[in-house]
2 protein chains.
Amino acid sequence: MFKDLDPLLHSQLRLSVVSLLVSLEEADFVFLREKTSSTAGNLSVQLDKLSEAGYIEIQKGYSGKRPRTTCRITETGRQAFEDYVEALKSYF
Amino acid sequence: MFKDLDPLLHSQLRLSVVSLLVSLEEADFVFLREKTSSTAGNLSVQLDKLSEAGYIEIQKGYSGKRPRTTCRITETGRQAFEDYVEALKSYF
DNA sequence: ATTATTTGGTTTACAATATAAACTTATTTA
DNA sequence: TAAATAAGTTTATATTGTAAACCAAATAAT
């Protein structure tokens, strides 16, 4: 009847992040924080979860002297997003 | 950028219930429990929340001698569902 | 030169949620 | 009349989501 919704994506902030990464391929922490209007703390936690699940890859580097965390979606993450969108359709 | 998702509907079970009620107009507790594959306890709690928010109306009556709880969606609930679907589009 | 502020985060503590287990009350069935 | 089933509700627990507090480094102000 209703398809299960991946709990990892069924969260406003994580869904926003993945949604952005699906089209952008790469985005840094500050960009994501601004686009999602989230706090840094919350974003940090949610990025870790997505990373833990293998949905995104996180690279910590530097932009000049300032730290710069960049994220990109993985194939797993892209697939999960597609599945999520598909599953949602069963509710409408 | 991303529209806020009504937390009351952004829950698999509550969304399932509202989704059913939007097209069915009326459904009883047992029907909802079966269609959503939920436990009675969980369903009971979530129905209360939807009712509390004015998204559904709950009527407790009898079918013969057995108790029968029937639910129907309210105009508020129907509108909230539409808004939720609309908001979701901003993520895709 | 030292102090204060900003930047880019992470950790942690707390509040809210979701969920199932346990319970209740009434009704059949054995 | 005892056991099982039905239809829920209540309550306890585990999981989440979130922001506040924190930290380290860089830049700006005095």
Side-chain angles (χ1 to χ4, degrees), chain A residues 2-21 26-53 55-72 80 84 87 91, chain B residues 2-21 26-53 55-72 80 84 87 91:
Chain A
F2 295 109
K3 291 184 187 160
D4 273 342
L5 299 172
D6 182 347
L8 247 130
L9 293 183
H10 200 61
S11 138
Q12 186 163 325
L13 182 48
R14 288 194 302 268
L15 186 63
S16 300
V17 167
V18 170
S19 170
L20 285 167
L21 293 178
E26 174 170 317
D28 67 24
F29 191 94
V30 173
F31 176 87
L32 291 174
R33 180 170 52 65
E34 285 170 354
K35 287 292 179 184
T36 60
S37 311
S38 62
T39 59
N42 193 6
L43 182 58
S44 177
V45 170
Q46 306 311 328
L47 287 181
D48 276 355
K49 288 185 187 174
L50 289 171
S51 168
E52 203 62 27
Y55 286 10
I56 67 172
E57 271 174 4
I58 299 180
Q59 278 186 22
K60 281 148 209 258
Y62 284 88
S63 165
K65 288 184 173 176
R66 299 200 159 286
R68 180 161 193 263
T69 299
T70 64
C71 308
R72 44 177 65 239
Y84 177 78
Y91 293 79
Chain B
F2 296 109
K3 290 184 188 159
D4 272 344
L5 299 171
D6 183 346
L8 246 130
L9 292 183
H10 199 60
S11 139
Q12 186 162 326
L13 182 47
R14 287 193 302 268
L15 186 63
S16 300
V17 167
V18 170
S19 170
L20 284 166
L21 293 179
E26 173 170 318
D28 67 24
F29 190 94
V30 173
F31 176 86
L32 291 173
R33 179 169 53 66
E34 285 169 355
K35 287 293 179 185
T36 60
S37 311
S38 63
T39 59
N42 193 7
L43 182 58
S44 177
V45 170
Q46 306 311 328
L47 288 181
D48 276 355
K49 287 185 188 173
L50 289 171
S51 167
E52 204 62 27
Y55 286 11
I56 67 172
E57 271 173 4
I58 300 180
Q59 278 186 22
K60 281 149 209 256
Y62 285 88
S63 165
K65 287 183 175 176
R66 298 200 159 286
R68 180 161 193 262
T69 299
T70 64
C71 308
R72 44 177 67 238
Y84 177 80
Y91 294 79

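Every chain is numbered from 1, with letters handed out A, B, ... down the list of sequences.
- Between C/dA18, C/dG9, D/dG17, one nucleotide has an atom nearer to the side chain of A/R14 than all others, and that is D/dG17.
- For A/L50 and D/dT16, the CG to P distance is 13 Å, given to the nearest whole Å.
- Taking 4.0 angstrom as the limit, A/K60 places a side-chain polar atom (N or O) nearer than this to OP1 or OP2 of C/dT10.
- A/Q12 has its CD atom 18 Å from the P atom of D/dT16, to the nearest Å.
- When the P atom of C/dG9 is taken as reference, atom CD of A/E34 falls 11 Å away, rounded to whole Å.
- Between the CG atom of B/L15 and the P atom of C/dT19 there is a distance of 12 Å, rounded to whole Å.
- Judged by distance alone, the side chain of A/Y84 and the main-chain N or O of A/P7 form no donor-acceptor pair under 3.5 Å.
- A/E26 CD: more than 12 foreign heavy atoms inside a 6.0 Å radius.
- Legend: residues meeting salt bridge (Lys or Arg N to Asp or Glu O under 4.0 Å) with B/R66, ordered by chain and number and at least two apart, are absent.
- At the heavy-atom level, A/R68 lies under 4.0 Å from the strands shown only through sugar-phosphate atoms.
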Short heteroatom pairs, N/O only, protein and nucleotides 24-30 of chain C, under 3.5 Å:
none

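- A donor-acceptor contact shorter than 3.5 Å is absent between the side chain of B/T36 and the backbone of B/L13.
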Name every donor-acceptor pair, under 3.5 Å, that has one atom in a side chain of residues 41-53 of chain A and the other anywhere in the protein, sequence neighbours excluded.
residue, atom, partner, partner atom, Å
A/N42, OD1, A/Q46, NE2, 3.1
A/Q46, OE1, A/R14, NH1, 2.5

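- A/Y91 approaches B/S19 most closely through the heavy-atom pair O-OG, 2.6 Å.
- Here C/dT10 presents its P atom at 12 Å from CG of A/L32, a figure rounded to the nearest Å.
- For B/D4, the side-chain contact (heavy atoms from CB on, under 4.5 Å) partners are A/Q12, not counting sequence neighbours.
- A/D48 has its CG atom 8 Å from the C1' atom of C/dT10, to the nearest Å.
- At whole-Å resolution of the value, CG in A/L47 and C1' in C/dG8 are 13 Å apart.
- Contacts of B/Q46 with the nucleic acid, taken as non-hydrogen atoms under 4.0 Å apart, include base atoms.
- Every residue was checked against the ring-ring contact (aromatic ring centres under 6.0 Å, His included) condition with A/F29, not counting sequence neighbours, and none meets it.
- For the pair A/K49 and D/dT16, the criterion of a side-chain N or O lying under 4.0 Å from OP1 or OP2 is not met.
- Of the residues in residues 35-45 of chain A, A/A40, A/G41, A/S44, A/V45 come within less than 4.0 Å of DNA chain C through at least one heavy atom, sorted by number.
- A straight line from CZ of B/F31 to P of D/dA6 spans 18 Å, rounded to a whole angstrom.
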